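Encoded as structure tokens, the structure appears first; notes follow it.
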2 protein chains.
Amino acid sequence: MKRLFTVLVAAMIAAAPALADEVRSTGALGIVIERAAGTVAVIDTRAHTRLATVEGLGDLSHASAVFSPDERYAYIFGRDGGLSKIDVLTGTLVNRVMQSGNSIGGAISDNGRLVAVANYEPGGVRVFDADTLAPVADIPATDIGNGKRSKVVGLADAPGRRFVFSLWDTGEIWIADFSAGPQPVVTRITDIGANPYDALITPDGRYYVAGLFGEDGLALVDLWHPEKGARRILDSYGRGEEPLPVYKMPHLEGWAVAGRHAFVPAVGRHEVLVIDMDTWTEAGRIPVHGQPVFVMAEPGGRHVWVNFAVPHNDTLQVLDTETLAIVETLTPGPGVLHMEFAPRGDQVWMSVRDGNEVQVRDTLTRKVIATLPADKPSGIFMTARAHRIGL
Amino acid sequence: MKRLFTVLVAAMIAAAPALADEVRSTGALGIVIERAAGTVAVIDTRAHTRLATVEGLGDLSHASAVFSPDERYAYIFGRDGGLSKIDVLTGTLVNRVMQSGNSIGGAISDNGRLVAVANYEPGGVRVFDADTLAPVADIPATDIGNGKRSKVVGLADAPGRRFVFSLWDTGEIWIADFSAGPQPVVTRITDIGANPYDALITPDGRYYVAGLFGEDGLALVDLWHPEKGARRILDSYGRGEEPLPVYKMPHLEGWAVAGRHAFVPAVGRHEVLVIDMDTWTEAGRIPVHGQPVFVMAEPGGRHVWVNFAVPHNDTLQVLDTETLAIVETLTPGPGVLHMEFAPRGDQVWMSVRDGNEVQVRDTLTRKVIATLPADKPSGIFMTARAHRIGL
């Protein structure tokens with residue numbers, strides 16, 4: 001099967017157009033991470049085709065990506081400290097640096113000039129020139145003794161040439177402001193809570209919210225007022241007094257916002273939480289099929305789509321954000337890892353890892369309208385992300 | 001001066017790269033309407049250059065544009081009923097139809113397959129295949145006698161292959177749903193108020209709001225619940241009991257949203273109104289320099305930028321959405337007609353019509369970082385609009 005698959009993919013690639021010879025726009029392109037193979041597929045999300053395969057990207061478990069403002073380049077953040085720059089128009093790897101020993105995600109500045117990477121080892125943030133990948137700045141995290149520094153997680157861009165990130169070991173949130181040049185002004189917010197493990201910026205670009213592994217609740221920073229420090233919200237959010245086994249910590253970047261409500265995955269519980277963003281208090285809980293991993297809003301906000309941790313990761317549920325009812329339960333196949341909506345919402349793409357395929361569904365009918373073979377696909381990233389804050 | 005300008009532009013165009021011969025992405029491209037000349041400039045918003053000039057587009061007063069999902073094509077809606085399709089990658093006009101005698105704006109469906117145009121004469125909406133511009137559907141507006149039909153205004157796309165628009169003469173809002181195919185299901189909401197003149201869809205894609213010329217207040221339709229009809233909101237919004245002369249009806253599509261507040265131009269008054277979107281009531285008024293035309297939010301929402309009708313149209317004001325204070329007053333030059341923010345907010349572009357230039361400013365410092373000569377520029381449209389609902 002594996003061999004047949006490889007042959008199929010090879011045939012498909014041979015049939016792909018010679019990308020560089022063709023005039024092609026980039027607005028509907030995207031990439032799919034093929035974790036096991038260390039490759040990235042370049043896709044056309046309107047033609048439902050695979051245009052190219054880029055190889056040699058190292059360890060892509062938990063890999064994520066951001067795009068240059070012109071959508072020409074994708075920056076791939078690997079788990080092994082590799083930072084790779086792909087030209088999505090030509091389907092080629094144009095640059096790659098091993099910038100640390102162990103990293104987790106990155107971000108690109110609002111002006112597209114700086115790419116930042118969050119590192120576990122050595123703990124801190126490294127910032128690179130987006131054109132050349134030459135080092136621009138190094139921001140070591142807080143010293144934790146024995147020559148070690150805190151791991152960094154939850155790195156995101158914010159307006160005004162800023163990057164925001166969390167320090168796992170020391171419970172801090174830092175804001176690095178590059179608006180005055182390559183030497184950042186760093187604002188350090190301490191005592192935010194134990195072991196922040198992931199974070200997000202709300203879609204309006206104003207709030208940074210970090211999840212805490214070491215205690216319940218979330219840490220909230222108002223980026224308009226960093227001088228006010230972090231505020232603890234949602235003390236009920238977390239594993240709670242009788243912790244269930246947590247099969248996978250949910251992804252915070254999947255927060256869905258509809259009107260004043262955010263829909264977020266509960267930790268270790270078969271629930272989606274509803275948060276009132278005006279008061280930052282819990283407004284409800286929706287029982288779901290398993291432990292939610294991503295809770296994603298359809299553009300237009302009427303529904304949220306939820307996937308789950310093992311052993312329920314063959315299933316998706318669609319919730320109505322108004323009635324809070326489950327309107328449909330789908331079983332796309334084994335290992336539904338990630339979803340990505342077309343930016344105006346007519347399609348949703350999803351990785352079915354253990355089915356070795358990517359499914360495209362019509363968001364209205366929720367039926368499959370195309371499938372693309374892929375080698376253990378995980379993250380899907382469309383170029384429209386180039387134009388959104390905090391990804 | 002005019003001649004010198006023409007020579008300069010001609011020299012600039014001659015120096016432009018042969019677009020079709022070059023691999024180029026589209027994420028940072030845009031177009032500028034040159035109203036008097038009937039031309040459109042294709043711009044690179046990152047290089048701050050003009051790449052091409054497309055001629056022969058007819059009467060471009062009040063022209064607007066939408067983009068295909070892949071950003072390859074711009075559809076230009078002229079005042080004279082012309083619908084033009086431009087290839088922004090090659091800088092060429094690829095198709096043009098005279099689809100009515102008199103039109104005002106258009107929209108593209110969420111799946112990019114249908115382009116709709118709002119017509120004054122004959123009154124109604126015509127819908128075209130986005131690839132070929134072949135007619136797909138004709139939606140005549142309500143008969144008003146003498147062989148005439150109501151003028152249509154405020155046409156916008158909504159999720160689910162829908163178009164929403166308002167009928168000026170008969171006070172209606174219609175929703176045309178193409179999700180089942182080329183014959184739309186049309187929902188007609190009547191008695192919405194006198195003479196709707198423009199409309200918008202809120203950035204979350206849920207609400208359609210029409211301004212009324214014939215009376216005070218606004219008509220609101222919840223697109224999740226069209227069966228509930230239109231609701232009158234903001235009875236204080238309008239020219240009021242002692243009307244001032246209105247030099248230009250403000251553009252509603254410029255509504256800025258920051259948190260639960262929307263910032264909207266008052267009609268005929270030197271004020272920006274603050275609206276609480278939870279209750280749809282007025283939450284405040286901010287005195288400004290003149291009659292506002294566009295009120296635009298910086299991505300990130302901290303500030304809104306306001307331009308004005310004559311005789312104050314050489315000025316911009318920047319307001320803080322939290323303190324409601326005016327933080328800066330700028331005078332870019334004569335005839336500041338339109339602003340467009342880079343999608344993540346680091347730059348703002350503005351047309352200075354009577355200065356024959358487009359200015360690019362750094363949003364943080366508000367200083368000019370580039371200027372481009374342009375022939376009486378008006379609307380500026382960046383390709384990132386391809387990915388937003390309701391434009």
Side-chain angles (χ1 to χ4, degrees), chain A residues 19-29 44-46 67-73 87-90 109-112 157-161 179 204-206 223-225 257-260 277-278 298-302 322 342-347 362-365 382-384 386-389, chain B residues 19-29 44-46 67-73 87-90 109-112 157-161 179 204-206 223-225 257-260 277-278 298-302 322 342-347 362-365 382-384 386-389:
Chain A
L19 286 186
D21 296 342
E22 209 169 291
V23 175
R24 183 188 298 281
S25 60
T26 48
L29 301 185
D44 181 327
T45 66
R46 289 287 145 192
F67 292 95
S68 60
D70 66 0
E71 304 166 347
R72 176 85 187 249
Y73 301 105
D87 182 336
V88 296
L89 262 182
T90 59
S109 62
D110 60 0
N111 65 356
D157 64 281
R161 265 122 283 172
S179 61
D204 63 7
R206 177 165 181 182
L223 296 173
W224 294 5
H225 293 291
V257 172
R260 67 190 282 174
M277 293 177 68
D278 261 18
E298 280 178 13
R302 182 60 190 267
E322 188 174 46
R344 292 202 288 152
D346 66 310
Q347 303 177 357
D362 181 306
T363 308
L364 277 180
T365 64
M382 295 187 190
T383 52
H387 314 301
R388 289 171 54 197
I389 293 170
Chain B
L19 287 185
D21 296 342
E22 207 168 292
V23 175
R24 182 188 299 282
S25 60
T26 47
L29 301 185
D44 181 326
T45 67
R46 288 287 145 192
F67 291 95
S68 59
D70 63 3
E71 303 166 349
R72 176 86 187 250
Y73 301 104
D87 183 336
V88 297
L89 261 182
T90 59
S109 61
D110 59 1
N111 65 355
D157 64 281
R161 265 124 281 173
S179 61
D204 63 7
R206 176 164 183 184
L223 296 173
W224 295 4
H225 293 292
V257 172
R260 67 190 280 175
M277 292 175 70
D278 262 19
E298 279 177 16
R302 181 62 190 269
E322 188 174 47
R344 290 202 290 151
D346 66 310
Q347 303 177 357
D362 182 305
T363 307
L364 277 180
T365 65
M382 296 186 190
T383 51
H387 313 301
R388 289 172 53 199
I389 293 169

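All values below come from the heavy atoms of this structure, side chains included, with hydrogens, waters and symmetry mates left out. Computed from a prediction, not measured in an experiment: that's the story for all the values here. Letters go in sequence order (proteins before strands), and every chain restarts at 1.
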Q: For Arg161(A), check salt bridge (charged side-chain N to carboxylate O under 4.0 Å, His left out) against everything at least two apart and list the hits.
A: Asp110(A), Asp362(B)

Q.
I'd like to verify something: which residue of Ala342(A), Ala158(A), Pro299(A), Gly345(A) has the highest number of heavy-atom pairs under 4.5 Å with chain B?
A. Pro299(A)

Q: Side-chain contact test, heavy atoms from C-beta onward, threshold under 4.5 Å: evaluate it for Pro69(A) versus Arg46(B) and give yes or no.
A: yes

Q. Given the options Asp278(A), Thr383(A), Thr45(A), which has more heavy-atom pairs under 4.5 Å with chain B than any of the others?
A. Asp278(A)

**Q.** Pairwise side-chain contact, Arg344(A) with Asp157(B), heavy-atom cut-off 4.5 Å (strictly under)
**A.** yes

Q. Would you call Val23(B) and Arg72(A) a side-chain contact if the rule is heavy atoms closer than 4.5 Å?
A. yes

**Q.** Residues which pass side chain to side chain contact (heavy atoms under 4.5 Å, CB included) with Ala384(A), listed by chain and number, not counting sequence neighbours
**A.** Pro343(A), His387(B)

Q: Mind listing the closest non-hydrogen atom pair of Gly300(A) and Pro159(B) along with its distance?
A: CA-CG, 4.0 Å

Q.
Please identify, among Ser68(B), Gly205(B), Gly301(B), the residue contributing the most non-hydrogen atom pairs under 4.5 Å to chain A.
A. Gly301(B)

Q: Pick whichever of Ala28(A), Ser25(A), Ala386(A) has the most heavy-atom pairs under 4.5 Å with chain B.
A: Ser25(A)

(Q) Is Thr363(A) in contact with chain B via its backbone, its side chain, both, or neither, using a 4.5 Å heavy-atom distance? (A) neither

Q. If you round to the nearest 0.5 Å, how far is CG of Asp204(B) from CG of Asp204(A)?
A. 12.0 Å

Q: Look at Asp346(B), Leu364(B), Val257(B) and state which one has the largest set of heavy-atom pairs under 4.5 Å with chain A.
A: Asp346(B)

Q. Which answer fits Arg302(B), side chain, backbone, both or neither, if we ask what part of it has an atom under 4.5 Å from a heavy atom of chain A?
A. both

Q. Using non-hydrogen atoms only, which part of Asp44(A) is less than 4.5 Å away from chain B: side chain, backbone, both, or neither?
A. neither

Q: With rounding to the nearest 0.5 Å, note down the distance linking CZ in Arg206(A) to CD in Glu322(B).
A: 5.0 Å

